[in-house]
Trainee: 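This is the structure, below, for whatever I ask next.
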Amino acid sequence: MNYWLMKSEPDVYGIEDLKRDRTTVWDGVRNYQARNFLRSMVPGDRVFFYHSNTTPPGIVGLMKVAEPNVIDPTQFDAKSKYYDPKATKDTPRWQTVIVAFVETFPQIITLDTLRETFSPDDLWVVRQGNRLSVMPVPEAVAEQILKQAKG
DNA sequence: GCCAACGTTGGC
DNA sequence: GCCAACGTTGGC
């Protein structure tokens, strides 16, 4: 089983939304490195839910991969901000996953705390200027985050 | 293939 | 709202 971290702005789609929906298509990723990570996810992989562009930013809970290799439907939707005119049904460009809610942590693990605990090489989200929205998390780091989440 | 311009992300 | 960092685009 692999561990990952994915970002979302809570004003757009936060962990409370996922808790309500139970599952969701993680659409709108339009970065090739992030997409390649999405492509390599398998069912059961654990994904930390990170709230970005909010105060404070940080890890707020856990999800799991429910269905891998899902074609992002927004790439075909001309009205979507994620519309990609170069994508066709025969040759889609953007794959993603369906995630399922697992838990909301009792309290957020803030970016400040993550910076104190982990090095940028171990946890990419603490790298300066990091804009990648999907990234792998080493197992040892993931276990430490989970331990921290339980208090 | 280089790189300047541009748009976006995301912390603060 | 500001702006640094960074990915993408497009002219050459």
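Reminder, nothing fancy here: chain letters follow the sequence lines and each chain counts from 1. As a basis for the values below, the full set of heavy atoms in this structure was taken, side chains included, without hydrogen atoms, waters or symmetry mates.
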Trainee: Whole Å only: how far is the OH atom of A/Tyr32 from the C1' atom of C/dT9?
Mentor: 12 Å
Trainee: Given atom NZ of A/Lys81 and atom P of B/dG7, what is their separation to the nearest angstrom?
Mentor: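 To the nearest whole Å, that distance equals 15 Å.
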Trainee: A/Gln33 CD to C/dT8 C1': how many Å, rounded?
Mentor: 14 Å
Trainee: Whole-Å distance between C/dG7 P and A/Arg35 CZ?
Mentor: 16 Å
Trainee: Nearest nucleotide by nearest heavy atom, which residue falls closer to the 5' end of DNA chain C, A/Lys86 or A/Asn53?
Mentor: A/Asn53
Trainee: Under a 4.0 Å threshold between the charged nitrogen and the carboxylate oxygen, would A/Arg93 count as salt-bridged to A/Asp72?
Mentor: no
Trainee: Answer yes or no: does a side-chain N or O of A/Tyr50 lie under 4.0 Å from OP1 or OP2 of B/dG11?
Mentor: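 A/Tyr50 to B/dG11 OP1/OP2: side-chain N or O found under 4.0 Å.
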Trainee: Could you check, using the six-membered ring where one of them is a Trp, whether A/Tyr32 and A/Trp94 have ring centers closer than 6.0 angstrom?
Mentor: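 Ring centroids of A/Tyr32 and A/Trp94 are less than 6.0 Å from each other.
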Trainee: Mind checking whether A/Trp124 and A/Phe118 have ring centres under 6.0 Å apart?
Mentor: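 No; A/Phe118 has its ring centre 6.0 Å or more from that of A/Trp124.
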Trainee: Base, sugar-phosphate, or nothing: which does A/Gln128 touch, judged by heavy atoms less than 4.0 Å apart?
Mentor: sugar-phosphate
Trainee: Can you tell me how far C1' of B/dG11 sits from CD1 of A/Ile59, to the nearest Å?
Mentor: 16 Å
Trainee: Across the strands shown, which category fits A/Arg115 at heavy-atom distances under 4.0 angstrom: base, sugar-phosphate, nothing?
Mentor: sugar-phosphate
Trainee: Would you please confirm or rule out a distance under 4.0 Å between OP1 or OP2 of B/dT9 and any side-chain N or O of A/Lys7?
Mentor: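 For A/Lys7, the contact criterion (side-chain N or O under 4.0 Å from OP1 or OP2 of B/dT9) is not met.
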Trainee: Using whole Å, report how far CG of A/Leu132 lies from C1' of C/dA5.
Mentor: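 Interatomic distance, CG of A/Leu132 to C1' of C/dA5: 14 Å.
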Trainee: Among residues two or more places apart or on two chains, list those pairs meeting salt bridge (Lys or Arg N to Asp or Glu O under 4.0 Å) that have a residue in residues 20-29 of chain A.
Mentor: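 Only A/Asp17-A/Arg20 qualify under salt bridge (Lys or Arg N to Asp or Glu O under 4.0 Å).
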Trainee: Would you mind reading off the distance between A/Glu9 atom CD and B/dT8 atom C1', rounded to a whole angstrom?
Mentor: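 About 10 Å, once rounded to whole Å.
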Trainee: Atom CG of A/Asn36 to atom P of C/dG7: distance rounded to whole Å?
Mentor: 14 Å
